[in-house]
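Worksheet for the structure shown next.
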Amino acid sequence: MKRTRILHLLQSDKPLDNVIIMGWVRTRRDSRGFSFLEINDGSCLKNMQVIADSSIADYEEIKKITTGSAVAITGSLMESPGKGQKWELKADNVEILGIAPDTFPLQKKRHSDEFLRTIAHLRSRTNKYGAVFRIRSELSFAIHQFFKDRGFKYIHTPVLTASDCEGAGEMFKVTALDMDNIPKKDGKTDFSLDFFGAATNLTVSGQLSAEMFALALGDVYTFGPTFRAENSNTSRHVAEFWMVEPEMAFSNLTDAMDLSEEFLKYLTGYIIDACLDDLELFAKYVDKNLMTTLEGLLSSDFTRLSYKDAVDILNKSKQKFEFEVDFGKDLQSEHERYLTERHFKQPVIIYDYPKNIKPFYMRINDDNKTVAAMDVLVPNIGEIIGGSQREERLNILEARMDEMGLSKKDYWWYIESRKYGSAFHSGFGMGFERLLMFLTGVTNIRDVIPFPRTPNSISF
RNA sequence: UCCCCAGUAGCUCAGUUGGCAGAGCAAGUGGCUGUUAACCACUGGGUCCGCGGUUCGAGUCCGUGCUGGGGAGCCA
């Protein structure tokens, strides 16, 4: 007999005989003569209440069942005479699949997120983390749905790359060399003897590859893991994270801003529809303002303003900042959060940043001082999306690379895309975990990724 | 990497001026005829993060290391 998921049973509109559920015991409550078991199988937030009467076989064994144990229960789905649940399962048979000894670290009480991080292999069995990872799964699907509906093609860009300066952060080195016996040439590691015959790293972005495919398939996106070896110790950074990067041919900066706004609204609306039960947990226990924030995003037109106007607003704000606001310097976290959380109180898109603080591939504006870049800022998180129109003019791109000291030889293939049939195009990158933080109100990025990788931490 | 804070029972934490190691929850045992993180009673449970120092005496003070958290930078 096949198990029925608890999600399915709780949606039943009539009693059912002879069903079987399999899951993990959250708690057991006994009275003389019977026991209540709360079973969770991960299919939804809610538990199935099971009532086991002392008349059933092996009742003495049932009284030994502990929190965390895996069980299979056969019985009848009946309307519950008690308060708090519509349905309960009256057990005919209870089989212990795997007992959890009293060393099981999850208790029938709230644990701190810090403690749960030390048992990341078990924390997904809690209500909160179960909810996080169900939402994470739905959100992944929603991303594909959004792009598929709009004719975008999904591109699997490589994780291994030979380019050593894609412009974003320190990179993890990948090698097949014997680390105890590294071949040297002129005092340096001789990568010509390594697997690829060249120094190799984990990717920090799929963008440059995605651009090649945008200039072939039109509208494309990537969605995959990304790696940064930065020694960042904050609640917003991990060394391995997932990023979504759409790239559109025949598209300018305004098109990219339009898409980013439509994208965030679609995903937020999707999760509110598809994950309401799980979201309610976060609205109740994690962030009391969560639904207001999410509905605020859905109902507002994102404020769009140039970097210059943003600097003006900050200067006129009379707000004391730790770092001064100065045209030509990048905005600090405190500045971004002031704009989105206090001044506008809604998502904000800032565009046309000074070219000296942005990477080589962003398109130079006619003023020759700024680039067609944009950042989307949301309350509680700050920057969630960064993007730009790409520099499609060969001579200007090459001059910019020279100016910034980049090797045109290493990027020969990227440059060739501007030599043959170049076309204006744009795109952006969105941190998948940062969106999950926004949608759930979870304040530490380590709590929205199954097994977080951070400096000095690679357990699990 | 920098600044700040913390580390005491399985978990969350208290521990006064340097003077016998504590509570709640969890666990174990027993009780209870419909419970909702059930309830009631009893019981067991400690490398006070490690190392060094000051002191008659250190959980407490000093130095140092490690781990965790908050903030900053970098960014998504």
Side-chain angles (χ1 to χ4, degrees), chain A residues 26-38 46-55 63-64 66-68 78 80-85 88 90 100-119 126-127 166-170 204-207 225-245 260 285 321-323 329-337 357-359 375-378 381-387 428-438 443-449 454-457 459:
Chain A
R26 285 294 169 78
T27 181
R28 195 191 82 232
R29 297 181 288 269
D30 307 314
S31 286
R32 188 191 225 8
F34 54 90
S35 264
F36 290 106
L37 296 165
E38 294 278 343
K46 289 195 174 77
N47 301 324
M48 175 63 78
Q49 172 166 289
V50 173
I51 179 158
D53 192 85
S54 60
S55 62
K63 287 181 79 175
K64 291 178 189 160
T66 50
T67 296
M78 308 173 70
S80 173
K83 285 177 188 162
Q85 61 282 317
E88 67 184 17
K90 186 169 184 349
D102 60 19
T103 50
F104 183 60
L106 292 172
Q107 302 172 0
K108 297 186 276 189
K109 57 174 253 181
R110 289 183 77 172
H111 287 291
S112 66
D113 292 323
E114 291 81 4
F115 171 67
L116 291 170
R117 261 171 238 151
T118 69
I119 50 165
T126 64
N127 289 339
E166 287 177 18
E170 292 293 310
V204 293
S205 164
Q207 182 199 315
T226 302
F227 306 88
R228 304 274 166 94
E230 287 291 339
N231 190 13
S232 294
N233 291 286
T234 81
S235 54
R236 305 183 310 282
H237 292 87
V238 277
E240 176 181 339
F241 62 99
W242 283 60
M243 190 153 62
V244 182
E245 296 176 289
S260 69
Y285 297 114
F321 294 113
E322 191 184 342
F323 296 92
K329 284 187 189 164
D330 209 354
L331 299 178
Q332 305 286 323
S333 291
E334 58 176 340
H335 305 145
E336 295 179 342
R337 296 192 62 165
I357 57 171
K358 290 292 183 185
D375 283 354
V376 181
L377 314 178
V378 295
I381 307 294
E383 183 181 342
I384 197 165
I385 283 177
F428 61 81
M430 184 194 72
F432 181 64
E433 284 79 13
R434 289 204 177 158
L435 180 62
L436 257 178
M437 291 168 74
F438 176 78
T443 53
N444 195 313
I445 196 168
R446 297 174 184 111
D447 298 335
V448 295
I449 190 165
T454 53
N456 278 317
S457 174
S459 296

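A, B, ... follow the sequence lines: proteins, then strands. Residue 1 opens every chain.
- The residue Ser80(A) sits close to a base: some heavy atom pair falls under 4.0 Å.
- Among the atoms of the strands shown, none is found under 4.0 Å from any heavy atom of Glu433(A).
- Using atom C1' as the reference point in both rG22(B) and rC66(B), the two lie 27 Å apart (nearest Å).
- Where Asp375(A) and Arg28(A) meet RNA chain B, the nucleotide closest to each residue was compared, and Arg28(A) sits on the side nearer the 5' end.
- Residue contacts for Asp102(A): at a heavy-atom cut-off of 4.0 Å it reaches the sugar-phosphate backbone alone, with no base atom in range.
- Gln49(A) comes within contact range of at least one nucleobase, with a heavy-atom separation under 4.0 Å.
- Put simply, Arg32(A) has a side-chain N or O that comes within less than 4.0 Å of OP1 or OP2 on rU33(B).
- rG30(B) sits 48 Å from rC61(B) when the C1' atoms are compared, rounded to a whole Å.
- Leu435(A) comes within contact range of no nucleotide atom at all, as no heavy-atom separation falls under 4.0 Å.
- Glu114(A) comes within contact range of the sugar-phosphate backbone alone, with a heavy-atom separation under 4.0 Å but no base atom that close.
- Residue Arg29(A) has no polar side-chain atom (N or O) positioned under 4.0 Å from OP1 or OP2 of rC32(B).
- For rU12(B), one of the phosphate oxygens OP1 or OP2 lies less than 4.0 angstrom from a side-chain nitrogen or oxygen of Ser112(A).
- Nucleotides rG59(B) and rU8(B) have their P atoms positioned 15 Å apart, rounded to a whole Å.
- Of the candidate nucleotides rC75(B), rU33(B), rG34(B), rG34(B) has the atom nearest to the side chain of Pro81(A).
- Taking atom C1' in both rG34(B) and rC25(B), one finds a spacing of 25 Å when rounded to whole Å.
- In terms of phosphate contacts, Arg446(A) brings a side-chain nitrogen or oxygen within less than 4.0 Å of OP1 or OP2 of rG69(B).
- Comparing Ser333(A) and Ala239(A) by the nucleotide of RNA chain B that holds the closest heavy atom to each, the one mapping nearer the 5' end is Ser333(A).
- Across all strands shown, Phe241(A) has heavy atoms under 4.0 Å from base atoms, whether or not it also approaches the sugar-phosphate.
- Rounded to whole Å, atom C1' of rG73(B) lies 13 Å from atom CD of Glu336(A).
- In this structure, Glu245(A) reaches neither bases nor backbone, as no heavy-atom distance under 4.0 Å exists between it and the strands shown.
- Between the C1' atoms of rA41(B) and rU54(B), the separation comes to 48 Å (whole Å).
- Comparing rG71(B) with rC11(B), their P atoms are spaced 24 Å from each other, to the whole Å.
- Under 4.0 angstrom from either OP1 or OP2 of rG73(B) there lies no side-chain N or O belonging to Asn233(A).
- Nucleotides rA6(B) and rG15(B) are separated by 16 Å at their C1' atoms, to the nearest Å.
- As rounded to whole Å, 12 Å separates atom C1' of rA27(B) from atom NZ of Lys109(A).
- At a threshold of 4.0 angstrom between heavy atoms, the contacts of Phe104(A) with the nucleic acid are absent.
- Within the nucleic acid shown, Asp30(A) comes within 4.0 Å of at least one base atom, counting heavy atoms only.
- The distance from the CZ atom of Arg28(A) to the CG atom of Leu37(A) is 7.5 Å, given to the nearest 0.5 Å.
- Distance check on atom C1': rA58(B) versus rG24(B) gives 27 Å, rounded to whole Å.
- Among the nucleotides rG34(B), rG73(B), rU12(B), the one closest to the side chain of His237(A) is rG73(B).
- In the interface, the side chain of His111(A) is not paired with the base of rC11(B) through any donor and acceptor atom under 3.5 Å apart.
- Between Arg236(A) and rG71(B), a side-chain N or O to OP1/OP2 separation shorter than 4.0 Å is absent.
- No engagement by Gly33(A) is indicated, since no non-hydrogen atom pair under 4.0 Å with the nucleic acid exists.
- Using a 4.0 Å heavy-atom distance criterion, Arg26(A) is classed as making no nucleic acid contact.
- Nucleic acid contact class of Ser232(A) (heavy atoms, under 4.0 Å, all strands): base.
- Ring orientation note: the planes of Phe115(A) and His111(A) are tilted relative to one another, at an angle of 30° to 60°.
- Proximity note for Arg117(A) (side chain, C-beta onward) versus rG69(B), rA37(B), rC74(B): the nearest is rG69(B).
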